[in-house]
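Here is the structure we will look at, set down as structure tokens.
Each chain gets a letter, A, B and so on, in the order its sequence line appears, and its residues count up from 1. Only heavy atoms go into these numbers, but all of them, side chains included; no hydrogens, no water, no symmetry mates.
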2 protein chains.
Amino acid sequence: MNHDLLLESIAKHIHLTEDERTLFLSYIQTKKVRKKQYLLLEGEVNRFAMFVTSGCLRSYNLDENGFQYIQQFAPEGWWMGDMYSLITQEPGHLYIDALFDSELLLISKTNLERLYKEIPKFNYYFRILAEKSLVSYQTRAMENLRLTAKERYEKFCLRYPSLVDCLSQKQVAAYIGVTPEFLSKMLHAEPELKS
Amino acid sequence: MNHDLLLESIAKHIHLTEDERTLFLSYIQTKKVRKKQYLLLEGEVNRFAMFVTSGCLRSYNLDENGFQYIQQFAPEGWWMGDMYSLITQEPGHLYIDALFDSELLLISKTNLERLYKEIPKFNYYFRILAEKSLVSYQTRAMENLRLTAKERYEKFCLRYPSLVDCLSQKQVAAYIGVTPEFLSKMLHAEPELKS
DNA sequence: GATTTTTCTTAACCTGGATTAACTGTTTTG
DNA sequence: CAAAACAGTTAATCCAGGTTAAGAAAAATC
């Protein structure tokens, strides 16, 4: 089944008994989405944490001129959600949609809270995940000030090796924070970037 | 005592019994530092999470030209540390030093791990903290791409109202990611920013 | 498979912020 | 309190990356 990827990810950090695994899986639902389908709109409350078992999601926000700024890509094996809205259950600022047809595992906020109560070691699992994610956003926040567009492109390639060849330049530009025109110019001026 | 600030912060999220509080406090040590004193150098392993009870710390990294990029200020009531190094116990990339004479509470990585085992609800407390911090770094990462220097200055003022008037422009410039020359020009061109 | 929509490219021109440098306070420190 | 070190100011010049526009190529849709 496609729960395996998620169970593996969990097994790296905590050990679940047979019963715990069964309880956990009872809290999970699956969802298939088509390319371009929205999973969350700005202003909505994010009621599900999503785990990608195939395909790829992205989260982004729009500025007042309609420019997209991509916060995260979530290929296979990644968690996705609007953390702010998930935590507070208030309307968030992110859009989440599918870049390709995708399969997801969902756990609702309600079930997540149950899980924390009934199997407290999930606090540990999600603490570790939050801490790792924190480190990577701390790093990215600094890099976004410090690095040039070319250097940010190189970091993108390291972070999402599986996506480098399957995303459009437009998506990559919206992630590294440049215009598609500039990214095109840059890739032609520096052909060695297209490894 | 100056443990009160920290106990208050904890009480907002978890309830400790008398015994648990005593155990927790036995894991904490205090430290006084002078202005400019280093608490961590690049390449060192960060062995303590630090809670500021008075004064103010900052964490930053240096680029190859010696430019400082400030990741965080930690005035009274804030936690400080090099998350990457704290988690992995590998050499980190941050410098941490004191902007003013400061008083700290320290908990060693070793005691922190004991705490998680002996009082598991600390997993919950630090999960909540990590999640909130994650949200704020996610936001800052995007803002650092999307906002102009002026807008980043305004966000800085909102985030650290207590520091706006006591930090030098040089520190603020290193936080918002501009040169001190440009910040000076900007503040003179837009006097309304100095509210 | 023709048409519409989207993505990519190229090029001219523009701008926010960096760089350099020189000068003027202010703090530190001996 | 003198000297040195540091912080802030101003101004001229420069450049990474944005903007606008228009055409070419590719992909999605009927």
Side-chain angles (χ1 to χ4, degrees), chain A residues 33-37 55-56 58 60 62-70 73 97-101 142-156 163-191 193-194, chain B residues 33-38 56 58 60 62-70 73 97-101 142-156 163-191 193-194:
Chain A
V33 290
R34 279 294 179 68
K35 187 171 176 171
K36 294 197 178 176
Q37 189 173 327
C56 184
R58 103 243 240 222
Y60 62 96
L62 290 183
D63 71 8
E64 56 282 4
N65 307 312
F67 263 90
Q68 292 178 0
Y69 290 84
I70 295 177
F73 296 111
D97 65 7
L99 289 171
F100 309 107
D101 295 355
M142 305 310 287
E143 287 175 350
N144 285 350
L145 287 181
R146 205 176 84 212
L147 302 184
T148 62
K150 181 188 165 193
E151 292 166 323
R152 295 198 307 273
Y153 181 80
E154 289 163 349
K155 296 284 179 187
F156 159 80
L163 297 182
V164 176
D165 296 318
C166 67
L167 291 185
S168 65
Q169 286 179 207
K170 200 187 171 200
Q171 300 304 322
V172 177
Y175 179 85
I176 66 174
V178 297
T179 58
E181 291 85 348
F182 184 75
L183 178 58
S184 170
K185 185 164 111 185
M186 193 174 82
L187 291 177
H188 283 263
E190 320 234 15
L193 287 177
K194 293 182 278 186
Chain B
V33 289
R34 281 293 178 68
K35 188 172 173 169
K36 294 197 179 177
Q37 189 174 326
Y38 283 113
C56 184
R58 102 242 240 224
Y60 63 95
L62 290 183
D63 72 8
E64 57 281 6
N65 308 311
F67 263 90
Q68 292 177 2
Y69 290 84
I70 294 178
F73 297 110
D97 65 8
L99 289 170
F100 308 108
D101 295 355
M142 304 312 286
E143 288 175 350
N144 285 351
L145 286 181
R146 205 176 83 211
L147 303 184
T148 62
K150 182 188 166 193
E151 293 167 322
R152 296 198 306 272
Y153 181 80
E154 289 163 349
K155 296 284 179 186
F156 159 78
L163 297 182
V164 176
D165 296 318
C166 68
L167 290 186
S168 65
Q169 286 179 208
K170 201 187 171 198
Q171 300 305 321
V172 176
Y175 179 84
I176 66 174
V178 297
T179 57
E181 291 85 350
F182 184 74
L183 179 57
S184 170
K185 185 164 113 184
M186 192 174 84
L187 292 177
H188 284 263
E190 321 234 13
L193 286 177
K194 293 183 280 187

Output a table of donor-acceptor pairs, distance under 3.5 Å, between side-chain atoms of residues 172-187 of chain B and any protein atom two or more places apart or on a different chain; print 'none' if there are none.
{"unit_1": "Y175(B)", "atom_1": "OH", "unit_2": "R140(B)", "atom_2": "NE", "d": "3.4"}
{"unit_1": "T179(B)", "atom_1": "OG1", "unit_2": "F182(B)", "atom_2": "N", "d": "3.2"}

Between dT10(C) (C1') and M186(A) (CE): distance, integer Å: 16 Å
Whole angstrom value for the distance that separates P of dC6(D) from CD of Q171(B): 13 Å
Minimal non-hydrogen separation, C166(A) against F100(A), with atom names: O-CZ, 3.5 Å
Rounded interatomic separation in angstrom, taking CG from L187(A) and P from dC8(C): 10 Å
Residue pair F156(B) / I70(B), side-chain heavy-atom distance below 4.5 Å: no
Identified salt bridge (Lys or Arg N to Asp or Glu O under 4.0 Å) counterpart of D97(B) within the set R34(B), R58(B), K35(B): R58(B)
Selection residues 143-153 of chain B - residue pairs positive for salt bridge (Lys or Arg N to Asp or Glu O under 4.0 Å), sequence neighbours left out: E143(B)-K155(B), K150(B)-E190(B)
Rounded distance (Å) that lies between atom C1' of dA18(C) and atom CG of L183(B): 14 Å
Exam field: side chain N65(A) to backbone F67(A), donor-acceptor pair closer than 3.5 Å: no
Identify all pairs in which a protein N or O lies below 3.5 Å from an N or O of nucleotides 26-29 of chain C, and state each distance.
{"unit_1": "dT28(C)", "atom_1": "OP1", "unit_2": "K35(B)", "atom_2": "NZ", "d": "3.1"}

Distance (rounded to the nearest 0.5 Å) between S168(B) OG and L99(B) CG: 8.0 Å
Interatomic distance, H188(B) NE2 vs dA11(D) P [rounded to whole Å]: 11 Å
Residue met sooner reading DNA chain D from 5', once K185(B) and R152(A) are mapped to nucleotides: K185(B)
Phosphate OP1/OP2 of dT9(D) contacted by Q169(B) side-chain N/O (<4.0 Å): yes
Distance, rounded to the nearest Å, where I176(B) contributes CD1 and dG16(C) contributes C1': 13 Å
Terminal axis angle for the helix from dG1(C)-dC30(D) to dG30(C)-dC1(D), five pairs an end, nearest 10 degrees: 60°
Within the sub-3.5 Å range, which N or O atoms of nucleotides 19-21 of chain C have a protein N or O partner, and how far apart are they?
none

Atom-pair distance (NZ on K170(A); C1' on dA27(D)), nearest Å: 13 Å
Strand contacts (DNA chain C) in residues 142-150 of chain B, 4.0 angstrom heavy-atom criterion: T148(B), A149(B)
Separation of dT6(C) C1' from L99(A) CG (nearest whole Å): 15 Å
